[in-house]
2 protein chains.
Amino acid sequence: MSESTVPNIVIRRLPLYARELGLLEAEGCAYISSKELGHRLDVTPAQIRKDLSYFGRFGRQGRGYDVGDLRQRLRRILGLDGRVQRMVLVGVGQLGRAVLDYAGFPMQGFHVVRAFDSDPEVIGRVIADVQVDDVADLPGYLERQPVALAIVTVPAAAARSVVETLVAGGVNAILSYAPIATAVPDGVHLRQIDPVMELQSMAYYIRQGELNHTAEVEPGG
Amino acid sequence: MSESTVPNIVIRRLPLYARELGLLEAEGCAYISSKELGHRLDVTPAQIRKDLSYFGRFGRQGRGYDVGDLRQRLRRILGLDGRVQRMVLVGVGQLGRAVLDYAGFPMQGFHVVRAFDSDPEVIGRVIADVQVDDVADLPGYLERQPVALAIVTVPAAAARSVVETLVAGGVNAILSYAPIATAVPDGVHLRQIDPVMELQSMAYYIRQGELNHTAEVEPGG
DNA sequence: TAGATTGTTAATCGATTAACAATC
DNA sequence: TAGATTGTTAATCGATTAACAATC
């Protein structure tokens, strides 16, 4: 309960810290200061120390942080220590297959235990070691095998109903690649990945750059 | 210059508004209020009006916003009106291919004009209508054909050097799928997509949910 | 010990929201 | 006109940063 007051934005930075600590560990670095870690991540040292302070004391004055220890502790805080995260995936089109094939998920302990689709062509097949079932069987599956995490890779038109089914089935964290706004009840976490929106917002700055450049070249404009 | 003072977080919401307005247009909706739009996007009406106010006045009191008009104006602000955004893609592995095949990019006007890789197996091939060149030729290509946007889908170990090359070649907006911190100079925009980090931060809340549940079931814990 | 760096508090900064006059 | 909703200002809220005593 007390930890539920940690700002969401802090929680979202913890994996960033943990990831960098993993790299540092691989580099053979035993200790690191908030200053150096912040430099590597383009984050202020004060922010790192403040973020960590929500969870306890992890460093040594004059020395910094034990790289391996802090990484372990962050992973424990995130609930990633020594456990496999089971996920279902809905939507086995091109994108869904790329997700199933992506090695980064299992490498970090996230395993797709079952996939679902509505296309008879793929139902019944096994793709990247994952069995594909009829999406109509999704509610039944979730009842028999509760899962907390889901990845949604269906077309936008299908996403809302899929998310509803997942939520009804007890899934409380969903990563959606569908480019459509989707409401979820309190207590359910939905993250959306939309590369097109990222590009569109960057386009603004590209255009600004062009305008400035034009202004320099043609001061009268 | 004056517009460069618009907060980045506002710029990042504009594509969200534009996207929803596109859906509303498709639904045949002619006018919408900030209240209704906010409801659909889970954003407060005040925030929408405030965001828009950075760019001018777009609505009518008592009526709301003309859906098509506002969408057009937002697209113009973002620099998306009637122009194709040319991009290069670096890294034609599984993920790179999925990006090349993804219809959402061209549908929104973002076209990969050339891809690059270091693997002799793919260099010279044409994938999804895009020619794949040797990444060693990337600097030369950018010199001949300046491009503002790039997508990076190489392994983490290669990402830093690729980003450096892109920046040196004049690219000022990069969308990277590589899970590694990468510094870029001022004026260059780098966005990273890391689904694993999203899952990791959601894992925190899954665990919190479990802890709460345990606490309810076993009040003594 | 001297130097470095933490953890934490208070100050600052910036973003969100509430409120309301203007007006369609 | 009455009702609705904008655009904008001021108030609130929350996150970041600076500063520093504590201490390794």
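Letters go in sequence order (proteins before strands), and every chain restarts at 1. Bear in mind the structure is a predicted one, so any value in this text is a computation, not a measurement.
Atom pair A:Tyr31:OH and D:dC24:P shows a separation of 12 Å (rounding to whole Å applied). Taking atom OH of A:Tyr54 as the reference point, atom P of C:dG7 lies 15 Å away to the nearest angstrom. In this entry the distance linking CZ of A:Arg63 with P of C:dG3 reads 18 Å, nearest Å. Taking atom CG on B:Asp51 and atom P on D:dT6, their separation rounds to 13 Å, with Å as the unit. Between B:Tyr65 atom OH and D:dT5 atom C1' there is a gap of 8 Å when expressed in whole angstrom units. Note: CD (A:Gln47) to C1' (C:dT6) measures 16 Å, nearest angstrom. Atom CD in B:Gln61 sits roughly 7 Å away from atom C1' in D:dG7 (whole-Å rounding). The CG atom of A:Leu70 sits 11 Å away from the P atom of C:dT6 (whole-angstrom rounding).
Proximity of A:Leu175 to B:Met202: side-chain heavy atoms (C-beta onward) are separated by under 4.5 Å at one or more points. Side-chain contact between B:His111 and B:Arg86 is absent, with no heavy-atom pair separated by less than 4.5 Å. In this structure, the side chains of A:Leu166 and A:Val88 come closer than 4.5 Å at one or more pairs of heavy atoms.
A:Lys35 comes within contact range of no nucleotide atom at all, as no heavy-atom separation falls under 4.0 Å. Within the 4.0 angstrom heavy-atom criterion, only backbone atoms of the sugar-phosphate kind lie near B:Ile9; the bases stay farther away.
Between the side chain of A:Arg160 and the backbone N or O of A:Ala181, at least one donor-acceptor pair lies under 3.5 Å.
Here D:dT17 is the nucleotide among D:dT17, D:dG7, C:dT17 with the atom lying nearest to any side-chain atom of A:Thr44. In the set D:dT5, C:dT17, D:dT16, D:dT16 carries the atom at the smallest distance from any side-chain atom of A:Arg13. Candidate nucleotides C:dT5, C:dT17, C:dA19 were compared by shortest atom distance to the side chain of B:Arg49, and C:dA19 ranks first. Nearest to the side-chain atoms of B:Arg57 among the listed nucleotides D:dT5, D:dT8, D:dT17 stands D:dT8. Candidate nucleotides C:dT16, C:dT6, C:dC24 were compared by shortest atom distance to the side chain of B:Arg60, and C:dC24 ranks first. Here the side chain of B:Pro7 is nearest to one of C:dT5, D:dT17, C:dA15, namely C:dA15.
A parallel orientation is assigned to the rings of A:Tyr205 and B:His189, their planes being inclined by less than 30° (bins at 30° and 60°).
Taking the nucleotide of DNA chain D with the nearest heavy atom to each of A:Ala46 and B:Gly62, the more 5' of the two is matched to B:Gly62. Between B:Lys50 and B:Ser33, the one whose closest nucleotide on DNA chain D sits nearer the 5' end is B:Ser33.
Under the Watson-Crick and G-U wobble criteria, each requiring two contacts below 3.5 Å, nucleotide D:dC24 is paired to C:dG3. Under the Watson-Crick and G-U wobble criteria, each requiring two contacts below 3.5 Å, nucleotide D:dT16 is paired to C:dA11.
OP1 or OP2 of D:dT6 has at least one side-chain nitrogen or oxygen of B:Ser34 nearer than 4.0 Å.
Residue A:Asp42 places its CG atom among 12 or fewer non-hydrogen atoms of other residues, nucleotides or ligands, all under 6.0 Å distant.
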